[in-house]
Amino acid sequence: MSVAVSTSAPLPPASDTNMVTSTFSLVDYVVFVLLLVLSLAIGLYHAYRGWGRHTIGQLLLADRKMGCFPVALSLLATFQSAVAILGVPSEIYRFGTQYWFLGCSYFLGLLIPAHVFIPIFYRLHLTSAYEYLELRFNKAVRVCGTVTFIFQMVIYMGVVLYAPSLALNAVTGFDLWLSVLTLGIVCTVYTALGGLKAVIWTDVFQTLVMFLGQLVVIIVGSAKVGGLGHVWDVASQHGLISGIELDPDPFVRHTFWTLAFGGVFMMLSLYGVNQAQVQRYLSSRTEKAAVLSCYAVFPCQQVVLCMGCLIGLVMFAYYQEYPMSTQQTQAAPDQFVLYFVMDLLRGLPGLPGLFVACLFSGSLSTISSAFNSLATVTMEDLIRPWFPHFSEVRATMLSRIIAFGYGLLCLGMAYISSQMGPVLQAAISIFGMVGGPLLGLFCLGMFFPCANPPTHRATAALFPVVFMVQRSQLHHGHCGGPGCQSAQWRNAGPDPEPSDHLPSVAETRCPPAHVLSEATSLQNAQPGSLCGHGCVSGEGEQWDAEGQQRQGGRGCA
């Protein structure tokens with residue numbers, strides 16, 4: 001997942017409905033519907049091929065015959081959700097380009113999985129990443145890891161499904177629950193019937209749509225304000241271009257240390273041990289192809305980050321020359337980009353629809369990957385160990401039923417998300433509070449051959465983190481502005497104990513135990529977003545409802 005910094009629940013649509021809906025023409029709706037139809041067609045095509053001859057290996061791992069290119073694009077698309085597409089430009093627009101330095105973390109964050117995690121998972125011929133935990137520790141740790149992953153992904157899927165539909169409803173007037181239902185059903189059908197191969201190839205198509213949609217906004221926007229050179233000059237004059245911030249204070253919004261170093265551990269948790277990504281590595285035809293696909297994600301991630309940042313700069317330069325619409329002046333941060341696109345592309349039929357298709361491509365790719373990985377871990381970690389004599393046909397049918405079940409559960413979570421208020425930051429917090437302990441658990445097994453099974457400690461590590469995140473959400477839920485959020489600090493990691501166990505990467509005695517705990521805590525040191533429209537002083541300082549000064553606030557337009 002590209003970590004999104006967009007954080008608040010969008011506001012309801014503005015009262016001037018005619019002005020809103022007039023920017024979304026029939027051609028735009030046709031482009032949007034084409035995305036859903038083509039995604040469904042690709043998935044059903046792979047489901048139809050060999051129907052009746054599918055095996056559980058084909059459904060869950062694409063028969064381990066995927067090439068480097070589709071796997072790389074699927075890896076990129078899996079966590080490039082609509083949350084990131086909406087959030088990164090909004091972050092740059094409001095707080096400057098410091099967030100851009102997150103790209104420094106991508107090199108190590110992908111190099112380590114390519115040479116440490118992939119060889120272990122691939123050579124053990126695993127289906128679920130959590131099988132490793134049973135081989136390394138015991139079955140209880142495997143079940144604990146699986147249940148934790150399911151908890152993480154089910155909650156996040158509800159937000160990923162609901163948030164873009166809510167933003168689209170607010171900006172275009174498109175029916176909210178029709179959008180949620182359509183997106184959920186389309187995704188569930190092609191994922192359950194087509195399996196991982198259908199998911200990967202639809203990811204390829206949806207990734208190209210995401211690239212195209214963002215590129216159109218950059219090209220049209222920069223052309224209207226005088227080119228990218230002028231955009232950069234305007235951003236520089238207003239102090240949006242940030243240098244390297246080396247302040248060691250962990251309470252500063254973004255610094256080089258929290259982004260570059262904390263980002264490494266974030267990337268490790270997402271691209272090293274997350275089942276959705278591990279499953280793609282394991283679907284590759286060879287170990288070399290899996291490693292190359294991980295390498296190929298690096299330049300793609302850099303391009304995606306640059307495009308998101310450029311959209312934020314173009315948006316800033318655009319509103320220095322053109323007046324904001326009434327809706328934009330009242331918008332929550334999650335809506336900035338969509339209102340900007342509607343302002344920018346008004347009068348260009350099809351292009352607003354292309355960007356909305358780009359936005360929903362991010363949601364489709366993330367949700368389909370989650371459904372497939374959830375069905376895989378449920379089948380392999382929670383059902384097959386207790387019913388090992390399932391026939392191939394019954395196992396395949398049950399996997400499809402499980403995927404359908406998770407689709408329905410996701411729709412239910414989308415409804416729950418609608419009742420939760422500011423949900424986006426909560427979802428990102430869940431990735432931190434769950435991803436940290438899981439990464440620590442895998443690293444404990446791979447790098448510390450002296451560690452014994454940490455069942456109780458691994459489980460206990462989650463509870464204080466969940467408690468802290470919940471308390472933080474409750475405490476900051478009453479911040480003055482609409483949809484206001486505060487920084488979330490997520491700190492967790494198991495404390496290893498000495499013992500002998502295999503398999504492990506390390507061949508030597510383990511270093512002091514606190515190294516892993518500190519590394520795991522760095523992974524989660526991701527400050528949350530600030531209030532979207534707090535009071536801004538002349539020096540760009542932002543204040544929350546409790547009167548506490550906040551770092552780096554840029555004047556809200």
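In what follows, every heavy atom counts, from backbone to side chain, and hydrogens, waters and symmetry copies are set aside.
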Verify side chain to side chain contact (heavy atoms under 4.5 Å, CB included) between Leu40 and Thr202, making sure each step is shown before the conclusion. CA-CA 8 Å; Leu40 185 62; Thr202 51; over 6 Å; no
Is there a side-chain contact between Tyr93 and Val337 (heavy atoms, below 4.5 Å)? no
Between Leu73 and Asp203, is a side chain to side chain contact (heavy atoms under 4.5 Å, CB included) present by the stated rule, with each step listed? CA-CA 7 Å; Leu73 290 185; Asp203 282 352; over 6 Å; no
Do Arg280 and Thr78 get their side chains close enough for a donor-acceptor pair, meaning under 3.5 Å? yes
More than 12 heavy atoms from other groups under 6.0 Å of CZ on Phe107: no
Search all heavy atoms of Gly263 against all heavy atoms of Ser105 and return the closest pair with its distance. C-CB, 3.4 Å
Give the minimum heavy-atom separation between Thr191 and Asn372, together with the two atoms involved. CG2-N, 3.9 Å
Just by distance, no angles: are the side chains of Tyr318 and Asp343 close enough, under 3.5 Å, to form a donor-acceptor pair? no
Look up atom CD in Gln98 and atom OG1 in Thr258, then write down how far apart they are to the nearest 0.5 Å. 8.0 Å
Min side-chain heavy-atom separation Leu36-Leu364 under 4.5 Å: yes
Parallel, tilted or perpendicular: which fits the ring planes of Tyr415 and Trp177, with parallel below 30° and perpendicular above 60°? tilted
Examine the side chains of Ser236 and Asp233 and answer whether a donor and an acceptor come within less than 3.5 Å of each other. no
Taking side chain as C-beta onward, heavy atoms only, is Tyr295 less than 4.5 Å from Leu111? yes
